Amino acid sequence: MKYFTLFILLASCATSAIPSSDLLDTDVAQSDLSNHYEMMVKFDPESGNLDASGIIEIVADTEVQQIDFLLNGNLDVERFETGILSEINIESGTSLDSYQLPKTQKVSIILQAPLNEGEAVTIGFAYAGQLTTDSIEIGRGGVDPAWTEMSMGALWYPLWLEELAMTASTQLEIPEQYDLTGSGDLKRIAPTVWQLEQSEPVIGRLTFFASNGWEVSTQALNEGTEMVLYSIKQEPGAVDIFSAVQGAYEDFEAIFGAPSRETGQIRLLNANDDIGLVFPAEAYATGGDFIVLDNASSPDARDNTLNHEIAHIWWFAGQPGTPDEFLSESIAEYMAMRRGAMVWGQEWLDEKRASVKAQADQLDVSILGIQGFSATRQPLLYKKGPHALWMLHDRIGEDDMNALLKETLVRDVETMSAFFALLEEQHGETVSRWFENQL
C-alpha cells in the first residue's frame, strides 16, 4: 500500500495524485552494479539551508549515453562534472511520465562516448539552497524543527531513476540540539556531525529524519529485536501500535520463518501532529525495518497499513517501476489482507476483496506492461496484483500458496519470469499460464 514512493516514495495509504511507494526504499538483493555516493552535507532544519558536495560513482547497468538526475528545484547547482568528455544541461521544472514537476530540476549529463555495462564514471558535484516543505512535490516530506522528514521525495540529493541501486556514505553536519534517525547505520561522531552509512545496496534511500525534541518509545518485539517509535508529541496509541507490529510480525514469521536479514530494530516514525507535511496520508517502508506511518488515518486503517509495511520485512524484491515490483508491493498487500482477516474477520476480508476486485476489473492493462511510474502503476500493483493472488489462493489453497511464497523467498526470486517458472514447477503449466493471464 504505497503508491508512489513517482519514483518516489511508495506509500501504503497514499491518496495523492502523485505515485508513491516503498519500492524505492526496498533493499536490493543483487548489487554488483550499484552506484555509490560520497557526500558532505550541512543542513539546518530551522532555516532549511542545505549545502552539499561530494562524488557519485555511476556503474552502468546497461549501455548508458545520458544520466538524468532529479534534484530539488530550490537548490542552486554550483558544480556537476565528470572529468571525461560530456555535456551538462540543467532544466528548471521537469516531468515524470504524465506528472508535471515544476519545482523539480533535472540535471542531465550527456556522455560523448557511452558507458558499457559494468563501466563506471565518477561525477563531482556541489549545490546549496533552502529546502522548504513547499519545495517538495514528489512525495511525502517536510522541513520543521520539530519534525524534518527528508525522505527521498525531498530530492535533497541527486537521484537517477534509471538506476536506483546504490550504496552511500554521508557525513551530515546539523546543529547540536537536533537528534537524527535514518536508514542504514547512523551514529553521531561529533556534537554536530553524524555519519550515515549504507554499505549494503539499497534502492534510492539516502533518508534521514531530524527533530529538536521528539518523543521516543521502545518495546521488545522478540529476544533479538526491539520496536522504536518516534513521534512529535507523546503518542497515546503507542501500545496499540506496538501490538499491531508484533501481531503482524509473528503471523508472517509463522508462515515464512525468520526474515533474511535482522537489523535488531524496527523503527517507526509517526508524525502525530500537523506540521504541514506534503501528502501526510502516505506511508512507506525501507525494506520493512524503517517504517513511516501516515498521520491521517483511523486506528484500524493505520493497523492495516502496518500489516503491509511489516510484510515488506520479507517482501522487498523487484525493481521499482517494472512488473517485477509485483514481488514486493502486490504480495505485501495480499499478505496484509490475510493478516487483516485474522484481526477483523471474514466479513472484513469479503468487503476488502470485493473492493479490490471492483477496482481491478476497471483496469484494461496488465501488470506485465508496467513501464516506469505512470498513473496505472499504483492500481495495478495494489489492486490487480492482490486480486490475482487471491484468485490463485482460491484455486490452489492456502497451504500451497504458503509453500509457493516461501519457496519464492528461499530461492531469492526477483523477476516475474522466475515466479511463473516456480509456479509452473509446483502446479503445472496450465495454472502458471492461467495466473499470468490474470495479471
Side-chain angles (χ1 to χ4, degrees), residues 1-24 95-101 138-139 161-162 279 281-282 304 308 315 317-338 340 349-396 401 404-405 408 413-424 427 429-439:
M1 304 176 77
K2 278 127 238 263
Y3 78 124
F4 165 175
T5 191
L6 287 168
F7 64 20
I8 289 188
L9 310 171
L10 302 185
S12 258
C13 292
T15 56
S16 78
I18 296 204
S20 179
S21 99
D22 332 69
L23 92 180
L24 293 189
S95 63
L96 189 57
D97 290 322
S98 59
Y99 299 101
Q100 297 301 310
L101 303 173
I138 289 187
L161 293 180
E162 295 298 318
F279 306 142
E282 287 185 1
N304 188 48
H308 177 102
W315 298 102
Q319 173 70 21
T322 73
D324 302 331
E325 197 180 350
F326 167 92
L327 295 165
S328 57
E329 297 306 333
S330 295
I331 296 180
E333 183 59 13
Y334 160 76
M335 291 307 305
M337 291 172 68
R338 285 183 54 176
L349 179 60
D350 290 344
E351 292 178 359
K352 183 74 170 178
R353 284 192 62 178
S355 173
V356 167
K357 179 182 185 301
Q359 294 177 74
D361 287 347
Q362 294 177 8
L363 298 168
D364 59 0
V365 291
S366 170
I367 283 177
L368 304 180
I370 289 178
Q371 293 182 331
F373 303 97
S374 65
T376 59
R377 175 190 159 280
Q378 183 184 347
L380 284 171
L381 292 173
Y382 297 100
K383 308 302 178 184
K384 194 166 189 176
H387 173 58
L389 286 164
W390 274 107
M391 293 176 69
L392 181 61
H393 179 123
D394 293 340
R395 180 158 181 166
I396 68 176
M401 194 71 174
L404 170 68
L405 295 180
T408 299
V413 170
E414 296 185 334
T415 65
M416 292 300 290
S417 60
F419 184 80
F420 294 143
L422 176 59
L423 181 58
E424 180 175 340
H427 294 280
E429 182 180 0
T430 299
V431 171
S432 181
R433 290 283 180 86
W434 167 84
F435 180 69
E436 185 174 346
N437 289 334
Q438 307 313 308
L439 298 173

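What you see is a predicted model; the values in this text were computed from it and never measured.
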Please name the pair of heavy atoms, one in [X] and one in [Y], separated by the smallest distance, quoted to 0.1 Å.
{"X": "T408", "Y": "L327", "value": "CG2-CD2, 4.5 Å"}
{"X": "S330", "Y": "G385", "value": "OG-CA, 3.5 Å"}
{"X": "K352", "Y": "N304", "value": "NZ-ND2, 3.8 Å"}
{"X": "G369", "Y": "P323", "value": "N-CG, 4.5 Å"}
{"X": "L349", "Y": "M337", "value": "CD1-O, 3.9 Å"}
{"X": "I396", "Y": "H427", "value": "CD1-NE2, 3.8 Å"}

task: Indicate whether the side chain of Q438 and that of H387 have a donor and an acceptor atom separated by less than 3.5 Å.
output: no
query: Does the side chain of Q359 come under 3.5 Å of the side chain of S355 through a donor N or O and an acceptor N or O?
result: yes
Output yes when a side-chain donor or acceptor of [X] lies under 3.5 Å from a complementary backbone atom of [Y], and no otherwise.
{"X": "S432", "Y": "F420", "value": "yes"}
{"X": "N437", "Y": "R433", "value": "yes"}
{"X": "S366", "Y": "L439", "value": "yes"}
{"X": "K357", "Y": "K384", "value": "no"}

Within this structure, what is the [atom1]-[atom2] distance for the pair [X] and [Y], rounded to the nearest 0.5 Å?
{"X": "W434", "Y": "R395", "atom1": "CH2", "atom2": "CZ", "answer": "5.5 Å"}
{"X": "F419", "Y": "E436", "atom1": "CZ", "atom2": "CD", "answer": "11.5 Å"}
{"X": "T376", "Y": "Q371", "atom1": "OG1", "atom2": "CD", "answer": "10.0 Å"}
{"X": "L423", "Y": "E429", "atom1": "CG", "atom2": "CD", "answer": "11.0 Å"}
{"X": "H308", "Y": "Y382", "atom1": "NE2", "atom2": "OH", "answer": "5.0 Å"}
{"X": "I331", "Y": "F326", "atom1": "CD1", "atom2": "CZ", "answer": "5.0 Å"}

Is any side-chain heavy atom of [X] less than 4.5 Å from a side-chain heavy atom of [Y]?
{"X": "Y99", "Y": "I138", "value": "no"}
{"X": "L405", "Y": "Y334", "value": "yes"}
{"X": "I370", "Y": "L381", "value": "yes"}
{"X": "P379", "Y": "L363", "value": "yes"}
{"X": "L96", "Y": "L161", "value": "yes"}

- prompt: Between K383 and E333, does at least one N-O distance fall below 4.0 Å, as a salt bridge requires?
  reply: no
field: Basic-acidic side-chain contact under 4.0 Å: D394, R353
entry: yes
